[in-house]
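FYI, side chains are in, hydrogens and waters are out, and symmetry mates aren't considered; it's all heavy atoms of this structure. Remember, predicted model here, so these are calculated numbers, not experimental data. Read the numbers this way: they start at 1 and go in the same order the structure lists the ligands and their atoms.
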Amino acid sequence: MTPQKRLEGRVALITGASRGIGRSVAKHFAEHGAHVIVTARSQGALEILDDELREFGTSATLVPCDMTDFDIIDHIGTEIQNRFKKLDILVGNAGILGDLAPLAQVTPKDWQRVMDNNLTANWRLIRAMNSVLRASDAGRAIFVSSSVGHQARAGWSSYAVSKAALEMTAGIYSEECKDSNVLVNMINPGGARTAMRADAMPREAPEDVKAPETINHLFLELASPAYTKTGQMVEAEQELAMGHTGYNL
Ligand code: NDP
């Protein structure tokens with residue numbers, strides 16, 4: 001039996017979709033009928049994703065770019081307006097770890113790089129996508145945070161601070177969207193087997209960490225027109241521990 005497609009006709013922009021969590025979410029959304037617009041710097045990896053999607057009889061709009069070239073984000077917004085007239089789903093996922101070091105040892109250059117990637121690019125996305133999200137009958141914005149964004153932990157420096165600020169940014173945007181059909185939520189994936197996780201936890205055996213695919217359903221719920229909450233932080237580990245392992249809506 002063909003599984004029900006939950007995102008038929010929806011247009012989704014997913015940042016950081018060349019690998020890891022973003023790639024997994026982009027594939028899942030496409031399998032559920034969404035047209036996915038995917039960004040990352042690695043053009044080759046986006047093309048491989050597109051090839052895989054074509055095997056399902058769908059395809060993606062590929063936007064190879066650096067999210068810290070902020071004017072490109074405005075350009076993507078204009079193109080979405082011209083081509084689709086709306087954006088149903090925004091997943092602000094792209095992120096970098098930066099140097100994990102005590103605050104006193106972080107370099108100004110690395111601090112700025114992490115803030116640009118993890119915080120400012122997401123604010124620029126809000127700024128550029130606000131009108132197309134509001135043009136959707138059920139706009140859904142999802143921002144990807146981390147445990148260290150709401151739990152101070154020594155040595156997580158600029159990464160943790162950028163995620164804390166991202167959480168406030170998403171919270172404010174959620175409040176500002178209460179006059180509209182746009183819902184804004186956050187997800188903390190918990191440990192997921194990706195390149196970033198391997199960088200952060202080099203001594204950890206990758207097979208001990210859950211695959212990104214195990215949390216696809218949580219993104220799907222937050223992206224769904226049927227989802228009703230806003231300003232939520234979805235803690236993936238807690239959801240999985242409570243047995244929330246499949247689409248619930
Ligand atoms: P990966 O490092 O595997 O993937 C990061 C993605 O972001 C890649 O597609 C990368 O593409 C893209 N990216 C990074 N910098 C830029 C840039 N300047 N411009 C465009 N794209 C960029 O990370 P994960 O999948 O692990 O992480 C995804 C999100 O989940 C991040 O926000 C991370 O903070 C968060 N997270 C992850 C956890 C984990 O355990 N994996 C735990 C908690 C949170 P490219 O290099 O091709 O540009």
Side-chain angles (χ1 to χ4, degrees), residues 13-28 36-50 60 62-73 75-76 90-100 110 112-125 141-151 153 156-167 169-170 185-202 204-216 218-219 222 233-240:
L13 170 62
I14 299 138
T15 69
S18 61
R19 60 173 188 266
I21 293 167
R23 184 181 206 278
S24 172
V25 168
K27 272 190 85 170
H28 197 57
V36 294
I37 305 162
V38 288
T39 78
R41 290 164 301 181
S42 320
Q43 181 165 356
L46 292 179
E47 285 169 358
I48 293 168
L49 171 63
D50 190 41
L62 311 185
V63 189
C65 66
D66 187 327
M67 299 303 289
T68 64
D69 289 343
F70 301 125
D71 290 346
I72 290 177
I73 297 176
H75 183 65
I76 298 170
L90 165 64
V91 183
N93 164 77
I96 61 168
L97 196 58
D99 293 335
L100 297 188
D110 190 66
Q112 191 60 52
R113 196 171 66 93
V114 173
M115 293 302 158
D116 285 353
N117 270 280
N118 297 359
L119 175 62
T120 309
N122 282 305
W123 163 63
R124 293 293 297 248
L125 279 165
I142 305 163
F143 294 95
V144 183
S145 192
S146 167
S147 308
V148 294
H150 40 277
Q151 200 178 83
R153 204 177 295 164
W156 283 77
S157 65
S158 47
Y159 177 78
V161 176
S162 70
K163 293 295 190 184
L166 174 63
E167 290 181 11
T169 305
N185 291 290
M186 292 156 270
I187 183 163
N188 169 17
R193 196 190 310 143
T194 68
M196 180 186 286
R197 178 74 184 187
D199 273 359
M201 304 282 179
E204 182 177 72
E207 59 273 19
D208 290 345
V209 189
K210 67 182 181 296
E213 289 74 17
T214 56
I215 55 172
N216 281 343
L218 299 174
F219 282 89
L222 292 175
M233 166 61 73
V234 173
E235 297 282 354
E237 292 288 350
Q238 283 175 21
E239 297 294 330
L240 296 178

Which atoms from ligand 1 have a heavy atom of [X] less than 4.0 Å away?
| X | result |
| --- | --- |
| Ala17 | 9 (O) |
| Met67 | 17 (C), 18 (N), 19 (N), 20 (C) |
| Asp66 | 17 (C), 18 (N), 19 (N) |
| Asn117 | 15 (N), 16 (C), 17 (C), 18 (N) |
| Pro189 | 36 (N), 43 (C), 44 (C) |
| Gly20 | 3 (O), 25 (O) |

Looking only at side-chain N and O atoms, does Thr68 offer a donor or acceptor that is under 3.5 Å from a partner on Asp116?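 The criterion, which ignores hydrogens and geometry beyond distance, is not satisfied for Thr68 and Asp116.
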Quick one about Asn188 and Ser147 (side-chain donor to acceptor, distance below 3.5 Å, no hydrogens or angles considered), yes or no?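 Note: Ser147 and Asn188 side chains meet the donor-acceptor criterion.
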Kindly indicate whether the side chain of Asn122, heavy atoms from C-beta on, has any atom under 4.5 Å from the side chain of Met67.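 Not in contact.
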Using a 4.5 Å cut-off on heavy atoms from C-beta on, say whether the side chain of Leu13 contacts that of Leu125.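 They are in contact (side-chain heavy atoms under 4.5 Å apart), so the answer is yes.
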Out of [options], indicate the one that has the non-hydrogen atom closest to [atom].
| atom | options | value |
| --- | --- | --- |
| atom 43 (C) of ligand 1 | Ala198, Pro64, Ser145, Ser162 | Ser145 |
| atom 22 (C) of ligand 1 | Ser146, Ser18, Gly191, Ala94 | Ala94 |
| atom 31 (C) of ligand 1 | Val209, Val144, Asn93 | Asn93 |
| atom 14 (C) of ligand 1 | Arg113, Arg41, Glu237, Lys163 | Arg41 |

Give me the nearest non-hydrogen protein atom to atom 41 (N) of ligand 1 as residue plus atom name, then the distance to 0.1 Å.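 Going by distance alone, atom 41 (N) of ligand 1 is nearest to Thr194 OG1, 3.0 Å.
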Atom 2 (O) of ligand 1: nearest protein contact (heavy atom, Å):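 I find the closest protein heavy atom is Arg19 NH2, 3.1 Å.
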Quick one, Asp71 with Arg124, criterion salt bridge (charged side-chain N to carboxylate O under 4.0 Å, His left out). Give me CA distance, side-chain angles, the key distance, then yes/no. CA-CA 9 Å; Asp71 290 346; Arg124 293 293 297 248; 3.6 Å; yes
Using a 4.0 Å heavy-atom cut-off, say whether Ile96 meets ligand 1 through its side chain, its backbone, both or neither.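 Just the side chain.
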I'd like to know if [X] contacts ligand 1, where contact means a heavy-atom distance under 4.0 Å to any ligand atom.
| X | result |
| --- | --- |
| Gly190 | yes |
| Cys65 | yes |
| Arg23 | no |

Residues Arg113, Asp110: salt bridge by 4.0 Å N-O rule: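 Salt bridge: yes.
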Flag the pair Lys27 and Glu213 as a salt bridge only when some basic side-chain nitrogen lies within less than 4.0 angstrom of an acidic carboxylate oxygen.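 The answer is no: the pair does not qualify as a salt bridge.
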Mind checking whether Gly22 has an N or O less than 3.5 Å away from an N or O of ligand 1?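 In this structure, Gly22 places no N or O atom under 3.5 Å from an N or O of ligand 1.
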